[in-house]
There are 2 protein chains.
Amino acid sequence: MKRHDEIREEMLRRINDGEWPVGADIPHEFELTEEFNASRGTVRRALSTLVEQGLIERRKRAGSRVARRTSQTSKLSIPLIREEIENRGHDYSYRLLEREVMAGTGARAGLLRLTCLHLADGRPFQLEHRTINLDVLPGAADQPFRAAGPNEWLVREVPATRVITRISAAAADADTAEILSVAERDPLLVVTRDTFLGDAHLTEARLSHPARSYEVTTVSI
Amino acid sequence: MKRHDEIREEMLRRINDGEWPVGADIPHEFELTEEFNASRGTVRRALSTLVEQGLIERRKRAGSRVARRTSQTSKLSIPLIREEIENRGHDYSYRLLEREVMAGTGARAGLLRLTCLHLADGRPFQLEHRTINLDVLPGAADQPFRAAGPNEWLVREVPATRVITRISAAAADADTAEILSVAERDPLLVVTRDTFLGDAHLTEARLSHPARSYEVTTVSI
DNA sequence: AAGTGGTCTAGACCACGTA
DNA sequence: ACGTGGTCTAGACCACTTC
């Protein structure tokens with residue numbers, strides 16, 4: 001256990017036990033360095049973790065206090081679908097349903113559109129509608145994506161600077177219901193993800209799952 | 001712009017432009033301090049941000065390299081429902097539908113169960129099923145929760161150390177459909193949240209939204 | 001105006017894990 | 001074995017913002 005971990009845990013204990021009540025000021029950095037007999041950098045490292053978690057607010061000149069939280073922040077990690085399925089102990093398989101290069105309009109090069117099905121133990125698990133910007137990722141045109149999904153290639157070869165993920169629910173339309181082996185109007189959990197490299201929009205994915213077999217879990221930071 | 005921000009942005013640019021290709025080693029800390037004419041601490045601060053983002057991997061003795069990512073991590077922030085609705089420019093209103101103190105079994109104190117409806121411009125937006133552990137939060141029993149939802153009180157008065165959030169889709173049953181003014185079997189986006197203080201399970205919330213009017217958005221870290 | 005947190009430096013020692 | 005990243009220290013200066 002590192003020194004800053006020890007200090008952070010002691011601070012956490014004080015918050016939990018009410019020694020540092022919500023809304024109350026906590027000691028200044030100098031007092032904490034003396035009390036914990038640690039350097040300022042180490043004390044600040046412990047504090048900054050708590051600030052990230054939203055447990056402590058700090059303002060210059062006004063000191064630090066235990067935060068009155070107004071929102072819950074947590075960390076969401078969406079793994080490769082193959083890993084997700086294998087981690088659950090199921091057999092992963094994959095089928096490419098459609099592949100189409102859209103003709104570019106004017107000076108713009110085209111888009112690569114893919115429809116893929118990911119299965120767990122042979123049962124449909126995720127329907128993936130994928131669009132890849134061939135302008136930015138011309139190498140994608142050479143990939144068959146017949147044996148493995150496009151995300152396997154993307155995530156390994158392409159760095160991304162910004163990812164926007166939206167999670168929504170939708171009712172299955174007739175086509176989707178048939179592909180996913182659910183009834184029409186059954187609920188789906190839909191994850192939509194836009195990936196950017198700088199300003200360039202690399203790829204967009206729409207991932208539909210039967211609600212029965214999938215949910216997204218996050219843990220506090 | 002802080003020095004460590006400048007250094008991080010230059011590193012990002014090199015990754016994006018392929019000067020530091022995916023999988024390749026990047027210079028050691030000492031070389032970077034010389035090149036950027038900054039102290040080791042500042043260089044490490046820039047690097048550690050990129051490590052958090054999953055863009056760079058570091059291993060002792062083996063050096064640092066641009067990561068081959070295997071998952072996308074992002075930050076999910078779920079605000080108070082009132083703020084969420086007001087931020088969208090709608091009028092927020094609230095109704096307490098049920099309130100019940102469950103008798104404790106044996107030595108355990110009871111649970112407080114609440115059913116609440118949150119509305120945007122008078123239209124149902126979120127149905128909240130809430131359970132509060134009166135063992136740990138006896139003060140909750142004194143709160144009427146008639147004018148404002150329990151989360152307003154919880155989030156302001158109670159610190160939490162661990163929050164597990166699950167996001168799923170479900171079909172509306174008859175009761176829920178009526179309350180939320182949707183058709184039976186319509187898709188709902190359901191957020192379930194368990195909040196802990198140390199080992200104590202403080203509260204559990206099941207938040208159901210008509211899929212049409214709600215989605216969860218996250219951005220990369 | 002002054003005290004707080006924020007940033008940066010220079011240097012030391014440590015521990016891990018690869019070469 | 002030894003070079004790398006990881007941790008910690010002591011101190012300086014800065015900037016914000018409240019007193």
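Here is the naming used below: chain letters follow the sequence lines, and residue numbers restart at 1 for every chain.
- Note on A:E29 versus A:K60: no salt bridge recorded, every NZ/NE/NH1/NH2 to OD/OE distance being 4.0 Å or above.
- Taking the charged nitrogens against the carboxylate oxygens, A:E19 and A:R13 do have a contact shorter than 4.0 Å, which makes a salt bridge.
- The side chain to side chain donor-acceptor pair (under 3.5 Å) test applied to A:R206 returns no partner, not counting sequence neighbours.
- Near DNA chain D, meaning a heavy atom under 4.0 Å from it, residues 4-16 of chain B has no residue at all.
- Between B:F196 and B:H201, the two ring planes are parallel [angle under 30°; tilted spans 30° to 60°].
- Contact annotation: B:S64 does not reach the phosphate of D:dT4 (side-chain N/O to OP1 or OP2, under 4.0 Å).
- Using a 4.0 Å heavy-atom distance criterion, A:R45 is classed as a sugar-phosphate-only contact.
- Between B:E204 and B:R130 there is no salt bridge, since none of the side-chain N atoms of the basic residue sits less than 4.0 Å from a carboxylate O of the acidic one.
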Worksheet entry | Base-contact (B) and sugar-phosphate-only (S) positions in nucleotides 9-19 of chain C, heavy-atom cut-off under 4.0 Å, - elsewhere | B--B--BBBBS
Discussion item. Does A:R3 form a side chain to side chain contact (heavy atoms under 4.5 Å, CB included) with A:F36? I'd like the steps, not just the answer.
Written reply: CA-CA 9 Å; A:R3 187 80 185 103; A:F36 288 110; 4.0 Å; yes
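- The ring of A:Y94 has its center closer than 6.0 angstrom to the ring center of A:H118.
- Rounded to an integer number of Å, the gap from A:H28 NE2 to C:dG3 P is 11 Å.
- The aromatic rings of B:H209 and B:F125 sit perpendicular, their planes meeting at an angle over 60°, well past the 30° parallel limit.
- Taking atom CD1 on B:I56 and atom P on D:dG6, their separation rounds to 11 Å, with Å as the unit.
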